[in-house]
Amino acid sequence: MINLRPATPADLKLLQHWEQQPHVIAADPNDDWNWEVELSRNPDWREQLIAEIEGRPIGFIQIIDPAREESHYWGDVAPDLRAIDIWIGEQTDLGKGYGTRMMQLALARCFAEPRVTTVLIDPLASNTRAHRFYERLGFQFVEPRRFGDDDCFVYCLNRADWHPATAIAPQ
């Protein structure tokens, strides 16, 4: 069973290690997460979570309110949306279904808030494996979009298209 817990400054070395892994770099080559600062901040528009199996960290999830986050990464967006970043930390944990379970937990968290209408994601345009992953979860392609130095595809999952019966209840 996967559990999500808040990321804390005690996770600094782990997150720095994960962000140096080739598969994480390939999926997110140009982001500077600024962990030293961000792990100590807890703005009400963001959750940073560590996914664990029996206490063993396996991945990271960030859920933000894109209308309220400070950098305006998503630009001008409607209220009541959420955006998710997700990655598995170690290459050896890929392909085991952990990402699917983590994403189901993240979506259940997002849609537990009745106002939330849609969840956004932005995988690299070149990351066809991620596109298939999100499409299997019900996400729909919206548009290609450039974020900073990255060519991405924007996908969304509307509440009406989310199937909580196949999701896992938030823990």
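Each residue takes its place number in the sequence, starting with 1.
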**Item:** Glu90-His23 side chain donor-acceptor pair, cut-off 3.5 Å
**Value:**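 Result is no, nothing qualifies.
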
I'd like to know if [X] pairs up with [Y] as an ion pair, taking the criterion as any Lys NZ or Arg NE/NH1/NH2 lying under 4.0 Å from an Asp or Glu carboxylate oxygen.
X: Asp151; Y: Arg145; value: no
X: Arg115; Y: Glu113; value: yes
X: Arg46; Y: Asp85; value: no
X: Arg159; Y: Asp80; value: no

Supply the atom-to-atom distance [X] [atom1] to [Y] [atom2], rounded to the nearest 0.5 angstrom.
X: Leu14; Y: Glu19; atom1: CG; atom2: CD; result: 11.0 Å
X: Trp87; Y: Leu15; atom1: CH2; atom2: CG; result: 5.0 Å
X: His17; Y: Leu12; atom1: NE2; atom2: CG; result: 13.0 Å
X: Thr8; Y: Ile50; atom1: OG1; atom2: CD1; result: 8.0 Å
X: Ile53; Y: Arg101; atom1: CD1; atom2: CZ; result: 9.0 Å
X: Arg82; Y: Phe111; atom1: CZ; atom2: CZ; result: 10.0 Å

**Non-hydrogen side-chain atoms of Leu49 and Arg5 separated by less than 4.5 Å** =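 Leu49 does not reach Arg5 side chain to side chain.
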
**Item:** Side-chain heavy-atom pair Arg109, Ile63 within 4.5 angstrom cut-off
**Value:**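 Yes, their side chains come closer than 4.5 Å.
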
**Glu135/Gln140 under side chain to side chain donor-acceptor pair (under 3.5 Å): CA gap, chis, key distance, verdict** = CA-CA 6 Å; Glu135 289 165 3; Gln140 300 292 315; over 6 Å; no

**Request:** Report the C-alpha separation of Ile121 and Met103 in whole Å, then their side-chain angles, then the decisive distance to 0.1 Å, and conclude whether the side chain to side chain contact (heavy atoms under 4.5 Å, CB included) test is met.
**Result:** CA-CA 11 Å; Ile121 51 164; Met103 197 66 183; 4.0 Å; yes

Would [X] and [Y] show up in the same hydrophobic cluster when neighbours are defined by side-chain heavy atoms closer than 4.5 Å?
X: Ile86; Y: Trp18; answer: no
X: Leu81; Y: Trp45; answer: yes
X: Leu124; Y: Val24; answer: no
X: Val142; Y: Leu137; answer: no
X: Leu107; Y: Ile58; answer: yes

**Message:** If you compare all heavy atoms of Glu38 against all heavy atoms of Trp33, which two are closest, and at what distance to 0.1 Å?
**Reply:**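 Shortest heavy-atom contact: CG-O, 3.4 Å.
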
**Asked** Can you name the closest pair of heavy atoms from Trp35 and Gln48 and give their distance?
**Response**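 Here Trp35 and Gln48 meet closest at CZ3-NE2, 4.0 Å.
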
**Message:** Apply salt bridge (Lys or Arg N to Asp or Glu O under 4.0 Å) to residues Arg56 and Asp93 and explain how you reach the verdict.
**Reply:** CA-CA 11 Å; Arg56 180 177 72 88; Asp93 285 327; 2.9 Å; yes

**Asked** In chain order, what residues pass the salt bridge (charged side-chain N to carboxylate O under 4.0 Å, His left out) check against Glu69, with sequence neighbours excluded?
**Response**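 Testing Glu69 for salt bridge (charged side-chain N to carboxylate O under 4.0 Å, His left out), a comparison that skips the adjacent residues, returns none.
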
**Message:** Going by ring pair (Phe, Tyr, Trp, His ring centres under 6.0 Å), name the residues that satisfy it together with Tyr73, two or more places apart in sequence or in a different chain.
**Reply:**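 Residues passing ring pair (Phe, Tyr, Trp, His ring centres under 6.0 Å) with Tyr73: Phe147.
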
**Request:** Could you list the residues that satisfy side chain to side chain contact (heavy atoms under 4.5 Å, CB included) with Asn42, not counting sequence neighbours?
**Result:**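 By the side chain to side chain contact (heavy atoms under 4.5 Å, CB included) rule, Asn42 matches no residue at all.
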
**Aromatic ring proximity, centroids under 6.0 angstrom, His131 and Phe139** =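 Aromatic pair excluded; centres sit 6.0 Å or further apart.
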
**Request:** With side chain to side chain donor-acceptor pair (under 3.5 Å) as the test, would you mind laying out the steps for Thr118 and Asn158 before giving the verdict?
**Result:** CA-CA 4 Å; Thr118 304; Asn158 297 314; 2.9 Å; yes

